[in-house]
Amino acid sequence: MKKNSLRYRGRFAPSPTGELHLGSLVCALASYIEAKQNKGVWLIRIEDIDKERCRDHFATTIINKLLEYGLESDEPVVYQSKRLNIYYDAIEQLKIKNLLYPCVCNRENRKKYRNIDCPCLVNPIKHTNQCAWRLLTNNEACSFNEVNHRHSKILSKEDRINITRRDGLISYDLAVCVDDATQNITHIVRGEDLFNHTFVQRFIQESLRYHKPIYRHLPLVLDDNGEKLSKQNLAKPIDVSFDCLTLALTHLGIYKPQIYYGSTIQSSIQNIIKSTLIYKLNEFD
Ligand code: GLU
């Protein structure tokens, strides 16, 4: 990216499969603080494409809780479930470029053919309702920039990038890439559980000739058993309190008690943005 050529645009993209927990507050806060320290725009996007796992009321409570923390989307909140046509257009573009192949392999088969070509690649099949669409990979290195590092990985055929699943559901990776591109997101701050997805997403971005955002992957918040806090393992919902804010800021290494004693949570976060320089990026100086 050329210096100052783009305005910083960041986002927080929760899946409403449960309440906001400490891990999601950490990601929301870090992405918000980085966006605001770089005079950028911060957006909320609700990733509710998987209707079996997502619930509308969780989306509402997540947005409301973020608001109580003073984390308000600078543009109207976008819902993936309302953008299916945009994803289908992107899938059409990939088909036109001959970058997709139909595949009927289930999870077991995918394991079986982990190190060899899947039969659907060796003897191409016709697409039916039971097929997934997968992206052809080319054994070339795929790289992305983390704020201070460059990461590379070879994506091989065996990586089997899903674009749609066998039940027709659009993949998380495709939807995220389309959204980050259409929302002109320049910087993505999210948990390091998505680190490997970033290679896949970079490959999709390159296949669709999208611009390439810069990433920051955050250390995960773990529970007492060393497991990642997630809505799936029923992580405890957080309340809106200085205690939770302190826990989140401590996890991010930016806790400074003298900054926010005596003020509201919202004004405390604004004070942190003004006073803590760790998220200031050079190209936005
Ligand atoms: N929706 C994903 C989640 O809640 C995050 C996706 C992203 O930040 O790219 O884990």
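Values reported hereafter were calculated over all heavy atoms of this structure, with side chains retained and with hydrogens, waters and symmetry mates removed. Read the numbers this way: they start at 1 and go in the same order the structure lists the ligands and their atoms.
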Task: Other cluster members, Leu220 - Ile/Leu/Val/Met/Phe/Trp/Tyr, side-chain contacts below 4.5 Å - done: Leu222
Open item on the list: Looking at Asp173 and Gln201, would you say the former's side chain and the latter's main chain have a donor-acceptor pair under 3.5 Å?
Closed with: no
- [ ] Indicate yes or no: does an N/O atom of Ala13 lie under 3.5 Å from an N/O atom of ligand 1?
- [x] yes
TODO: Report the part of Tyr172 in contact with ligand 1, treating N, CA, C, O as backbone and CB onward as side chain, heavy atoms under 4.0 Å; options are side chain, backbone, both, neither.
DONE: side chain
Open item on the list: With heavy-atom distances below 4.0 Å as the criterion, list the atoms of ligand 1 near Arg11.
Closed with: 7 (C), 8 (O), 9 (O)
TODO: Classify the side-chain pair Asn162/Tyr172 by whether it contains a donor and acceptor separated by less than 3.5 Å.
DONE: no
Open item on the list: Heavy atoms only, cut-off 4.0 Å: how does Leu194 contact ligand 1, side chain, backbone, both, or neither?
Closed with: side chain
Open item on the list: Do the side chains of Asp48 and Arg83 get close enough for a salt bridge, i.e. N-O under 4.0 angstrom?
Closed with: no
TODO: Output the rest of the hydrophobic cluster of Ile96: all Ile, Leu, Val, Met, Phe, Trp and Tyr residues reachable through side-chain heavy-atom contacts under 4.5 Å, sorted by chain and number.
DONE: none
- [ ] Provide the number and element of each atom of ligand 1 under 4.0 Å from a heavy atom of Arg190.
- [x] 7 (C), 8 (O), 9 (O)
Task: Subset of ligand 1 atoms that lie under 4.0 Å from at least one heavy atom of Glu47 - done: 1 (N), 2 (C), 5 (C), 6 (C)
